[in-house]
Structure formats: C-alpha cells, structure tokens
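Each residue takes its place number in the sequence, starting with 1.
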Amino acid sequence: METLKKLFPFSFREASVNNLVVSIIVYIVVSVVVGLVLGLLAKIPLIGWIFSIVRTLVALYCLIGIALAVLYFLKVIK
C-alpha cells in the first residue's frame with residue numbers, strides 16, 4: 001500500500017469531497033494535456049509509435065489514479 005501511495009500521491013489525500021474533486025480534476029487535466037501534446041508528437045514518422053505508447057500509459061495512470069481516489073474516499077482501501 002505504501003508503494004501505491006508513493007506512485008499516486010493525489011489519490012491518497014485526506015478523504016473529503018473537495019480533495020476528491022481536486023484529485024479527479026488534476027488527473028483529467030494531466031491526461032488531456034499530455035494526450036494532446038503526445039498526440040501531436042505521435043505524427044512523427046519514425047518515433048511516433050513510442051509517443052503513442054507513452055500517451056496510452058499516461059492515460060492508464062490517470063484512470064487508475066481516479067479509481068484509487070474514489071476507492072480511498074469511499075474507504076474501500078486504506
């Protein structure tokens with residue numbers, strides 16, 4: 001559990017509605033901004049596939065972060 005807390009710092013903040021909303025907004029903004037930037041870089045012919053993989057990993061990280069934030073808020077995980 002300590003490893004998860006280090007990897008997803010915004011997901012394990014004090015369990016309040018404000019912190020939950022802020023965490024979700026942070027993950028969504030990061031996902032959108034990184035997705036747009038890496039989406040543009042993915043059009044580069046030879047190394048575009050690397051940027052596509054990184055974009056997918058960032059989107060997955062943000063999705064997992066949102067899920068952990070909600071589970072922590074609902075006290076399913078501690």
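- No donor-acceptor distance shorter than 3.5 angstrom exists from the side chain of S11 to the backbone of L68, with no hydrogens or angles considered.
- Side-chain heavy atoms closer than 4.5 Å link hydrophobic residues (I, L, V, M, F, W, Y) into clusters, and following such links, possibly through other members, connects V32 to V26.
- Annotation: F10, atom CZ; neighbour count of heavy atoms from other residues, nucleotides and ligands within 6.0 Å does not exceed 12.
- Side-chain contact between V30 and Y61 is absent, with no heavy atoms from C-beta onward closer than 4.5 Å.
- Remark: L20 CG to I25 CD1 distance equals 9.5 Å, nearest 0.5 Å.
- Residues I28 and I66 are in side-chain contact: their nearest non-hydrogen atoms beyond the backbone lie under 4.5 Å apart.
- Within the 3.5 Å criterion, the main-chain N or O of R13 finds no donor-acceptor partner in the side chain of N19.
- Linking ILVMFWY side-chain heavy atoms closer than 4.5 Å, directly or via other members, places V29 and L63 in two distinct hydrophobic clusters.
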Between V17 and F73, does the side chain to side chain contact (heavy atoms under 4.5 Å, CB included) criterion hold? Intermediate values first, please. CA-CA 8 Å; V17 176; F73 176 76; 3.8 Å; yes
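- Rounding to the nearest 0.5 Å gives a distance of 9.5 Å between CZ of F12 and CD of E2.
- From L40, atom CG reaches atom CZ of R55 across 9.5 Å, with rounding to the nearest 0.5 Å.
- Here the side chains of I47 and I44 are in contact, with some heavy-atom distance below 4.5 Å.
- For the pair L4 and M1, the minimum side-chain heavy-atom distance is below 4.5 Å.
- Neither side chain, Y72 nor S23, offers a donor N or O lying under 3.5 Å from an acceptor on the other.
- C62 contributes atom SG, which lies 11.0 Å from atom CG of L57 (distance to the nearest 0.5 angstrom).
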